[in-house]
Amino acid sequence: MRATMMDYPLTLTHYLERAGTLLRDSEIVTRLPDKSLHRYLYGDFHRRARRLASALARAGLKRGDPVATMMWNNYPHEECYFGVPCAGGVLHTLNFRLHPNDIAYIANHAGDRFVIVDDVLLPLFEKVRPEIAPERVFVVALSGAPVPEGYESYEDLLATGDPDDDLPTPDERDACGVCYTSGTTGRPKGVVYSHRAIVLHTMAMCMTEPFGMSQHDSVMPVVPMFHANGWGLPFAAAAAGARIVLPGPHLDPVSLLDLCEAVQVTFAAGVPTIWNGILQALDAEPERWSLDLRFRTAVGGSAASEAMIRGFDRHGIRTIHAWGMTEMTPLGTAALLKATMQGLDEDAAYGYRAKQGTALPFVDMRLMNDAGIVPWDGETMGEVQVRGPWIAAAYHDSGELGDKWTDDGWLRTGDVATIDAEGYMKITDRTKDLIKSGGEWISSVDLENALMGHPSVSEAAVIAARHEKWDERPLAVIVLKDGAEADADALQSHLAAGFAKWWLPDDYVFVDEIPRTSTGKFLKSALRERFEGLLVEGSGGG
């Protein structure tokens with residue numbers, strides 16, 4: 001038999017049109033800079049996104065042209081997520097938490113033709129503008145202030161478009177978005193996404209597992225929309241018809257919890273540093289908020305501790321541990337218990353939920369070390385390598401692949417992990433963060449998660465410090481909770497119950513805060529620069 005199915009293109013245009021017809025009464029809620037709420041329906045969003053697509057085309061946007069956004073999570077940004085790709089353009093979300101020099105490099109490297117920027121971010125954009133050369137800059141005036149001279153209004157741009165214009169028909173392999181890595185090792189690198197990759201990724205996210213989003217959900221992306229496509233949530237929520245809740249610039253724990261209560265959020269996603277703060281606020285005032293009983297969270301970006309997962313369970317909030325990266329669009333795994341595991345005892349169940357989990361459909365995953373493919377024994381460590389239809393095959397305009405991709409076409413993630421007999425992957429470290437003490441490997445992630453299980457510890461980062469005898473030894477950098485007390489002896493005793501003696505940190509440093517990357521991860525390179533000589537210059541150890 002030769003005839004099978006229609007060759008139907010997998011593009012974001014389908015999701016946009018579905019939003020405007022079948023899902024037109026679903027809602028999008030945005031917290032504005034003054035903390036008031038803006039509400040409108042998918043039907044309004046559909047027409048405005050189409051109007052944006054028409055306006056950009058009339059302004060000269062050509063197939064493959066990049067359009068940059070410097071915006072918080074808000075409803076015009078959601079319009080850009082669909083309007084730009086459906087006009088044939090490439091949405092380029094600028095990470096405004098980077099240094100202005102890096103932002104300028106990224107904008108120039110991508111070749112951004114147009115920029116759309118929130119008015120509250122104009123002071124930052126002014127630092128970048130002299131170093132870049134977009135043809136036009138449009139300002140989203142959510143604060144109510146007039147658009148400054150020298151800029152154009154986003155609303156005026158929309159007025160030049162017609163939502164009834166015919167949109168181009170993109171090929172599913174056309175570029176529709178680009179995100180840049182944070183540049184913690186070398187210059188930021190661009191990852192270009194196709195319509196096909198994002199559509200397939202979105203369908204996987206909307207499955208019953210991992211996240212099971214539907215029209216009955218209120219979905220709040222706390223992860224910034226400039227970070228790896230907002231983890232795909234702006235696309236997935238729209239495809240599912242869920243209410244979309246966008247927190248704008250107000251990301252402190254109390255503001256987020258107030259918003260969750262006001263619109264009864266049922267699903268939210270962000271990095272562990274965000275959820276640590278929210279958990280502490282819930283523990284401090286458990287009766288203050290009345291949250292939806294279906295509320296669940298996805299945690300990624302860096303490892304979530306078992307203590308955090310248990311902590312949210314105390315408040316009736318289910319935490320789903322996930323893993324991925326910008327090069328993966330970004331989702332790769334999620335930690336959900338299999339049906340065959342429902343009878344596990346509590347500690348065993350939490351042990352699985354604290355891992356990064358099993359691979360999603362269409363994500364092939366293997367772990368490799370010097371001996372070859374790592375066995376599924378839960379102990380042997382190797383680098384995680386992946387391939388699949390939403391995984392990057394190269395970086396944008398990078399010249400050559402270097403060592404990021406293997407000769408047989410797998411992406412080398414740089415994460416070191418184990419995988420157990422059930423197929424659950426557990427990140428033990430980044431390759432650059434592993435501690436090699438006397439020829440033996442120590443996982444900084446395992447130590448960090450255990451330390452954050454201590455009732456007095458708010459945050460913990462463990463780094464490799466130079467040592468005269470052992471080459472490297474663990475050094476723990478600790479942030480205590482407000483009003484809490486703990487010394488090095490107490491923390492060492494806490495760890496000793498679960499780790500071999502040679503794994504235990506040689507020293508503890510107590511600080512007010514741990515530096516972070518632009519996406520909220522611990523910036524361990526800054527800690528190493530500051531403390532890596534402490535054991536040599538100070539009292540030694542071992």
Side-chain angles (χ1 to χ4, degrees), residues 10 172-173 175 177-205 210 228-229 231-232 300-303 321-335 355-434 441 443 445:
L10 304 178
E172 65 177 24
R173 287 176 170 77
V178 59
C179 294
Y180 277 70
T181 62
S182 56
T184 53
T185 55
R187 282 291 200 179
K189 301 174 183 66
V191 178
V192 180
Y193 308 100
S194 66
H195 282 263
R196 178 175 183 267
I198 287 182
V199 168
L200 289 172
H201 182 266
T202 298
M203 287 192 289
M205 290 186 70
N229 297 319
W231 295 359
S302 55
H321 202 186
W323 169 84
M325 56 196 303
T326 302
E327 292 88 339
M328 297 172 65
T329 312
L331 194 61
T333 70
K355 297 184 180 185
Q356 277 65 34
T358 58
L360 268 61
F362 291 109
V363 175
D364 292 339
M365 182 172 62
R366 70 184 185 189
L367 274 57
M368 297 288 289
N369 62 19
D370 292 341
I373 297 178
V374 166
W376 288 22
D377 60 9
E379 297 180 0
T380 308
M381 290 189 287
E383 182 188 44
V384 182
Q385 298 180 359
V386 291
R387 66 180 181 185
W390 59 75
I391 294 168
Y395 289 123
H396 168 60
D397 197 23
S398 61
E400 56 187 55
L401 298 182
D403 63 355
K404 191 67 177 179
W405 283 265
T406 66
D407 292 339
D408 57 347
W410 294 68
L411 172 70
R412 300 183 59 190
T413 67
D415 281 325
V416 177
T418 62
I419 189 166
D420 63 30
E422 293 283 356
Y424 284 72
M425 185 264 287
K426 177 186 177 183
I427 300 292
T428 57
D429 238 317
R430 294 288 292 167
T431 52
K432 63 180 181 293
D433 292 330
L434 275 170
W441 294 111
S443 167
V445 173

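Remember, predicted model here, so these are calculated numbers, not experimental data.
Under the 4.0 Å criterion applied to side-chain N and carboxylate O atoms, Asp408 and Arg387 are not assigned as salt-bridge partners. The pair Lys189-Asp397 does not count as a salt bridge, with every side-chain nitrogen at least 4.0 angstrom from each carboxylate oxygen.
Atom CD1 of residue Ile419 and atom CD of residue Glu379 lie 14.0 Å apart, to the nearest 0.5 angstrom. Interatomic distance, Lys404 NZ to Trp410 CH2, rounded to the nearest 0.5 Å: 15.5 Å. How far CG of Asp415 is from CD1 of Ile427: 4.0 Å, rounded to the nearest 0.5 Å. Thr333 OG1 to Lys426 NZ: the interatomic distance, rounded to the nearest 0.5 Å, is 14.0 Å.
A 4.5 Å side-chain heavy-atom check between Gln356 and Tyr424 finds every atom pair outside the cut-off. Considering only heavy atoms from C-beta on, Leu200 comes within 4.5 Å of Leu10 through its side chain.
For Trp405 and Tyr395, the gap between ring centers is short of 6.0 Å.
With Thr380 contributing its side chain and Val374 its backbone, the two residues share no donor-acceptor pair below 3.5 Å. Under the 3.5 Å distance criterion, the side-chain polar atoms of His321 are left unmatched by any main-chain donor or acceptor of Gly300. A donor-acceptor pair under 3.5 Å is absent between the side-chain atoms of Glu172 and the main chain of Arg196, judged by distance alone.
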